[in-house]
Amino acid sequence: MNTLKDVFADFKKGLETIYEPNETEALTLLIISEITDLSKAQIKAFPEKEVSAQQAEKLANILTELKSGKPLQYILGKTEFYGLPFKVNPSVLIPRPETEELVEWVISSVRKENWTTGSIQDIGTGSGCIAISLKEHLRSFDVSAIDISSKALQTAKENAELNQVDIDFIEADILNFKSEIEHPKSDVIISNPPYVTLADKALMHINVTDFEPHNALFVPENDPLIFYKAIADYAIQHLTGNGMLFLEINESYGKQTVELLSHKGFQNIKLKKDMSGRDRMVKAMLN
Ligand code: GLN
């Protein structure tokens, strides 16, 4: 028979080459809670509690997948973002906590402007996490979201249904928007585009580089701001007069992104750090 303590020991041993001990501990707690329906406090309090044969088998299967480097969110097929549930699979990037800070910035900026209605567009929506959480909190706004990947859009649509929000999803390539996207002006344009360079990739964990969608992550070495140029050009044509552009950025390119936007004629450009103190997001306006 397997006790919870045994499960912790198996996971600790199985994952020691992949995760830091505290990450393994946190992952194991989350997985046991998911499989047994026990709370984390109960799991901690009763290490001698036995798991059923069926639960033991599920736990063993999850451990095998984790050992391959597969992120837990893909194994479980779900995650949470901004307090909301999202389905995830390898055709979409797993939502990150720093992106929640970007969403927070949009919501507080819109409220500060006292806008009661308007329209928001999310470029490169992936799982739909940005568009859906914005719609959830800014109900009177029309929200649309584009992505180049039809598979990502399928997942984003399922997530909109899961969260019971109405979003207009559009399949399009922002790098070729002129011919493809006919879209009315928006009050807010937001994007978390690909920004990871080869140099960054070398430092990243295999569960990102080997499992998450490359077209959502990586940029060409010779043109790391390619998406920022295209989104800025798009925003120049598609932002309303007092509209706001919000971008998640590569922490190493804060200064360059601000310069790029400034050259393109944006005003009131603000660079903001994430909770880890890294340059992570930019807000800009046309006037
Ligand atoms: N922040 C993500 C990461 O660290 C990258 C997201 C992106 O490229 N837009 O993996």
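When a residue number appears, it is its place in the shown sequence, counting from 1. Just so it is clear, the values below take in all heavy atoms, side chains as well, and ignore hydrogens, waters and symmetry mates. We count ligands from 1, going down the list as the structure has it; atoms in each ligand are counted the same way.
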List of N/O pairs, ligand 1 versus protein, all under 3.5 Å?
from     : atom 1 : to   : atom 2 : distance (Å)
ligand 1 : 1 (N)  : Y195 : OH     : 2.9
ligand 1 : 8 (O)  : Y195 : N      : 3.3
ligand 1 : 9 (N)  : N192 : OD1    : 2.7
ligand 1 : 9 (N)  : P193 : O      : 2.6
ligand 1 : 10 (O) : R96  : NH2    : 2.7

N/O donor-acceptor pair under 3.5 Å between E101 side chain and E98 backbone: no
Path from Y19 to L76 over hydrophobic side-chain contacts below 4.5 Å: yes
Donor + acceptor pair across side chains of T3, D6 (<3.5 Å): yes
Is there a donor in the side chain of E136 and an acceptor in the side chain of Y82, or the other way round, less than 3.5 Å apart? no
Could you give the distance from CG (D274) to CZ (R96), rounded to the nearest 0.5 Å? 12.5 Å
Any side-chain heavy atom of I148 sitting closer than 4.5 Å to one from I174? no
